[in-house]
Amino acid sequence: MYKPFEIKENLFYVGVNDRTKHLFENLWPLPKGVSYNSYIINDEKVALIDTVDICYADVFFNKTGSVLGDKKIDYLVVNHMEPDHSGAIGLLKTRYPDIKIVGNSRTADMLKGYYGITDNLLIIEDKEELKLGKNTLQFYLTPMVHWPETMMTYVKESKTLFSADAFGTFGTLDGGVTDTQLEPDRYRDEMIRYYSNIVGKFGSPVQAALKKLNGVGIETICSTHGPIWTQPDSISKVVSLYDKLSRYESENGMVIAYGSMYGNTEQLAEIIAASAAENGARNIVMHNVSKSHESEVLRDIFKYRGLIIGSPTYNNKPYPGVESLLSALQNRNVKNRFFGYFSGHTWADGAKRELKAFAEAMEFEMVCESVEMKQSLNDNVTENAYALGKAMAEKLNSGDAVVPHKTICH
Ligand code: FEO
């Protein structure tokens, strides 16, 4: 029998760690695993907040049993229907047939579609309240953070926010579950990777949610993934990080992401990076898209203000890994970046054509003319590559704000 972990009076952690899956959503690597967090408020009426991935249902029910014994669960609050959190709902209904499921109208549609559940629902509206006893739940609809039904649940008395995916991170909870038991800084990069990979497309809805929560006193954040944030300093840091990322704000630094078949385009990348360093750029991160997972490339692009992308031409298109990255960046509406690009080709310049179209489509500021290489390096190409690295370094160190669609030629 598990010893239930009590986060605060009558609030218990019943989530699980997943150190088995290699890929979250069957897409995003999990080198440090992930947790699926679930919580019980054990009041006069018992509320369970979200469930876990179906693979961990047994562990999950052992944990709920350790808190409740034979006591029934009155409400399941579904903040988010993605199956990493809703997966155990079907089994939960068989164990607790009288449980009332709390959600909004979008939740109801998904409960029916995924699990065939249509009865015993409590459909709430934005800001509606539900009294459990000493605890009053208040529901905040926060659509598209990360799905349309997503909502957050706030306990008015304890100022605890159950935030669904928001403020979540990759990385398991090793031993402890709260920021006081864990090392919060260890999760920062994984929070950026989680945000950029999973929620990154939804900057505007995240901003709308933060605006809605502004003024709501929050003393504890219980996300569906990663540590429980209890300390004012941690809460301020994670809220400010989400605010910054959802406004596409970034740090001083640059990413050079490139593809290369035989090393010629890679040599261009090396020259650009060396020139940037020589001219004062710091935090230069280089990603060979054939080796770095796109998950890490996206994380670093969300992190840093400078972006240079390079590609050889392949079947008259950008190199496949680069093409995928361009699509991922457009899909996430990435904004506010200083930008440059370079291309290589042997007889047809499809990579250059598509990089140019990408640059025009995004709200980036071009720091310099693009660099074009036919077959291999020569003096002129080398000079242009130096100019691109230098222009990026100067822009990054200028303190200037990004001017969307502006092109500066040196
Ligand atoms: Fe953790 Fe959007 O699910």
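Each ligand, and each atom within it, is numbered from 1 in the order the structure gives.
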| task | Anything protein N/O/S under 2.8 Å from atom 1 (Fe) of ligand 1? Just list residue and atom, please. | result |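 Within the sphere that stays under 2.8 Å of atom 1 (Fe) of ligand 1, the protein atoms of type N, O or S are D84 OD2, H85 NE2, D165 OD1, H225 NE2.
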Do the charged groups of [X] and [Y] touch, with an N to O distance under 4.0 Å?
X    : Y    : value
K212 : D126 : yes
K317 : E323 : yes
D119 : K93  : yes
R337 : E365 : no

| query | Between D179 and S234, does any side-chain donor sit less than 3.5 Å from a side-chain acceptor? | reply |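 Indeed, the side chains of D179 and S234 share at least one donor-acceptor pair under 3.5 Å.
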| said: Centre-to-centre under 6.0 Å for Y194 and H225, is that the case here? | reply: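 Yes, the ring of Y194 comes within the 6.0 Å limit of the ring of H225, centre to centre.
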